[in-house]
Student: 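Handing you this structure, nothing more for now.
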Amino acid sequence: MSNPPAYGYVDIDADTARHASRIYWDDTAADYQAEHGEFLGDSDFCWSPEGLRESELRLLGDVAGRTVLEIGCGGAQCARWLRTQGARVVGMDLSAGQLAQARALGARTGIEVPLVQGDAVALPLADESVDLACSAFGAVPFVADSAALMREVARVLRPGGRWVFSTTHPFVWCLPDEPDEDTGLRIYHSYFDRRAYTEHDEAGRAVYTETHRTVGDRVREIVGAGLTLVDLLEPEWPAGLTATWGQWGPERGAYVPSTSIFVTRRPAAPTKDQYTPLRAQHPRVS
């Protein structure tokens, strides 16, 4: 059998996604932090390339005295900011390379937070053990089964707790990586293709994967996990921000959103009528 192409769209399983993400982020952690560290800050909570900060949005609410889990923490910039606000924080990431960057930043800033290496679809925490959970472009787009991730977060959240995460806006899946007004606004890929974008090495092994879900898929994942969708933010590109970051930039950002931020909450008590997603109509949605 011939090897798969260097990159393209394929169906992947959980082990393939996990292995590819660990390889990619271990290899690129230092370069990623060097390239984006100034924008992210050493101890700051940035939700997106549009520069939205938790210090302004307060999507998590008052975090003082609360136990917070950051999933896919990378360099743990968000976790350190939360620590300065009085939260008890745990940063978790699949990548040992990213956690090494987090430890180095912690030593440099003097703001240390507990760090755990773990899988977002099998959180190493007890039921109802955290008040809040968050993720700024961590884990959600890189696992094969993001519905399982939502269920895991719902499991570890205490009743009334919030789960807030940012990820690539689903519509961007249709567009190329060039964030300009010409090529970047031409639809070239189906919004409904839920196969993962995957890059392979010369031996045909997946070394990068990123999964796509539609807006409706995300809502069904959230509600199917027993969570309530409180808000969905689709940031406009801010005036004065001229830098581009991958597929994010001011030219395309003036027309379409590139980021989505989902604000969810675990109800204080279970509802009588639990919504069941119509999986039969969406066979590719776990």
Side-chain angles (χ1 to χ4, degrees), residues 45 47-48 50 52-73 78-79 82 85 87-90 92 120-123 125-171 194 211-235 257 259-282 284-286:
F45 197 135
W47 280 112
S48 69
E50 291 87 358
L52 300 181
R53 256 63 184 181
E54 177 62 10
S55 58
E56 298 177 355
L57 297 180
R58 297 292 179 179
L59 300 178
L60 293 170
D62 184 5
V63 300
R66 313 294 293 278
T67 300
V68 187
L69 171 65
E70 185 186 4
I71 300 172
C73 67
C78 299
L82 290 165
Q85 304 302 300
R88 297 185 296 270
V89 193
V90 175
M92 194 200 80
V121 297
L123 296 174
L125 282 82
D127 295 357
E128 299 185 3
S129 57
V130 302
D131 298 305
L132 303 165
C134 59
S135 185
F137 279 85
V140 173
F142 303 111
V143 299
D145 187 356
S146 48
L149 188 159
M150 303 298 164
R151 293 192 296 271
E152 273 292 274
V153 174
R155 177 184 66 81
V156 303
L157 270 181
R158 295 185 178 116
R162 284 197 170 198
W163 158 232
V164 185
F165 65 94
S166 60
T167 188
T168 305
H169 195 284
F171 182 70
R194 295 169 175 87
T211 56
H212 167 60
R213 296 292 181 265
T214 68
V215 173
D217 294 340
R218 287 279 180 241
V219 172
R220 281 183 289 276
E221 289 178 347
I222 290 165
V223 179
L227 301 166
T228 299
L229 180 61
V230 176
D231 200 358
L232 169 57
L233 284 71
E234 300 171 290
T259 295
S260 53
I261 306 176
F262 292 83
V263 182
T264 79
R265 180 176 60 87
R266 179 179 169 179
T271 59
K272 292 182 179 179
D273 298 321
Q274 179 82 16
Y275 172 73
T276 301
L278 302 177
R279 291 191 179 88
Q281 296 182 20
H282 305 275
R284 289 181 179 170
V285 182
S286 300

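Heads up: numbering here begins at 1 and tracks the sequence. Since we're looking at a predicted model, the values are computed, not measured. When reading the values below, keep in mind they use all heavy atoms of this one structure, side chains included, and skip hydrogens, waters and symmetry mates.
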Student: Distance check, rounded to the nearest 0.5 Å: L69 atom CG versus S129 atom OG?
Tutor: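 It comes to 8.0 Å.
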Student: Show the nearest heavy-atom pair for residues A126 and R155, with the distance to one decimal.
Tutor: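 Scanning both residues completely, I find the closest heavy atoms to be C-NH1, 3.7 Å.
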Student: Over all heavy atoms of both residues, which pair between E54 and L60 is shortest? Give the atoms and the distance, please.
Tutor: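 For E54 and L60, the tightest heavy-atom pair comes out as OE2-N, 2.9 Å.
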Student: Distance alone, cut at 3.5 Å: any donor-acceptor contact between the side chains of R265 and T228?
Tutor: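 There is no such pair between these side chains.
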Student: Minimum heavy-atom separation for L157 to A133, with atom names?
Tutor: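 Shortest heavy-atom separation between L157 and A133 comes out as CD2-N, 4.0 Å.
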Student: Closest approach of V130 and L125, non-hydrogen atoms and distance?
Tutor: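 V130 and L125 have their closest heavy atoms at CG1-CD2, 3.5 Å.
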Student: For the side chain of T214 and the backbone of D217, is there at least one donor-acceptor N/O pair under 3.5 Å apart?
Tutor: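 Looks like yes, one N/O pair under 3.5 Å.
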Student: So S260 and F171, do their side chains get closer than 4.5 Å, heavy atoms only?
Tutor: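 Not in contact.
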Student: Please report the closest heavy-atom contact between A147 and E221, naming both atoms and the distance.
Tutor: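 Looking at all heavy atoms of both residues, the shortest contact is N-OE2, 3.5 Å.
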Student: Does D131 reach the main-chain N or O of G161 with its side chain, forming a donor-acceptor pair under 3.5 Å?
Tutor: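 Checked: no pair found.
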Student: Does T211 use its side chain to pair, donor to acceptor, with the backbone of P141 at less than 3.5 Å?
Tutor: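 Between the backbone of P141 and the side chain of T211 there is a qualifying donor-acceptor contact (under 3.5 Å).
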Student: State the CG-CG distance between L132 and L59, to the nearest 0.5 angstrom.
Tutor: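 L132 atom CG to L59 atom CG measures 11.5 Å (nearest 0.5 Å).
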Student: Quick one: does R66's side chain have a donor or acceptor within less than 3.5 Å of a partner on R88's backbone?
Tutor: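 No: the side chain of R66 does not pair with the backbone of R88.
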Student: Using modelled atom types only, decide if a donor and an acceptor are shared between the side chain of S166 and the backbone of F137 within a distance under 3.5 Å.
Tutor: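 Checking the backbone N and O of F137 against the side chain of S166, a donor-acceptor pair under 3.5 Å is found.
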Student: Within the structure provided, determine whether R266 and R158 are in side-chain contact (heavy-atom separation under 4.5 Å).
Tutor: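 A side-chain contact is absent here, since even the closest heavy-atom pair is not under 4.5 Å.
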Student: Does some side-chain heavy atom of T259 sit less than 4.5 Å from a side-chain heavy atom of L52?
Tutor: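 No; the side chains remain at least 4.5 Å from each other.
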Student: Taking I71's backbone N and O only, do any of them form a donor-acceptor pair with S135's side chain (distance below 3.5 Å, no angle check)?
Tutor: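 Yes, because the side chain of S135 sits within donor-acceptor range (under 3.5 Å) of the backbone of I71.
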Student: Is any side-chain heavy atom of S146 closer than 4.5 Å to one of R218?
Tutor: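 Touching, per the 4.5 Å side-chain cut-off.
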Student: Take R162 and V68 through the side-chain contact (heavy atoms from CB on, under 4.5 Å) test and state the conclusion after the steps.
Tutor: CA-CA 10 Å; R162 284 197 170 198; V68 187; over 6 Å; no
Student: Just how far is it from atom CZ of R151 to atom CD1 of I222, taken to the nearest 0.5 Å?
Tutor: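 Output value for this atom pair is 13.5 Å.
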Student: Checking side-chain contact (heavy atoms from CB on, under 4.5 Å) for the pair W47/L233: CA distance, chi angles, key distance, verdict?
Tutor: CA-CA 11 Å; W47 280 112; L233 284 71; over 6 Å; no
Student: Are side-chain heavy atoms of L149 and F142 found at a separation under 4.5 Å?
Tutor: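 No, their side chains stay 4.5 Å or more apart.
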Student: Hey, is the main chain of W163 close enough, under 3.5 Å, to the side chain of T264 for a donor-acceptor pair?
Tutor: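 Such a contact is found between T264 side chain and W163 backbone.
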Student: Is the shortest side-chain heavy-atom distance between P170 and H212 below 4.5 Å?
Tutor: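 The answer is yes, as the side chains (C-beta and beyond) meet within the 4.5 Å cut-off.
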Student: So which heavy atom on A136 is nearest to which on F45, and how close?
Tutor: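 Scanning both residues, the minimum pair turns out to be CB-CE2, 4.4 Å.
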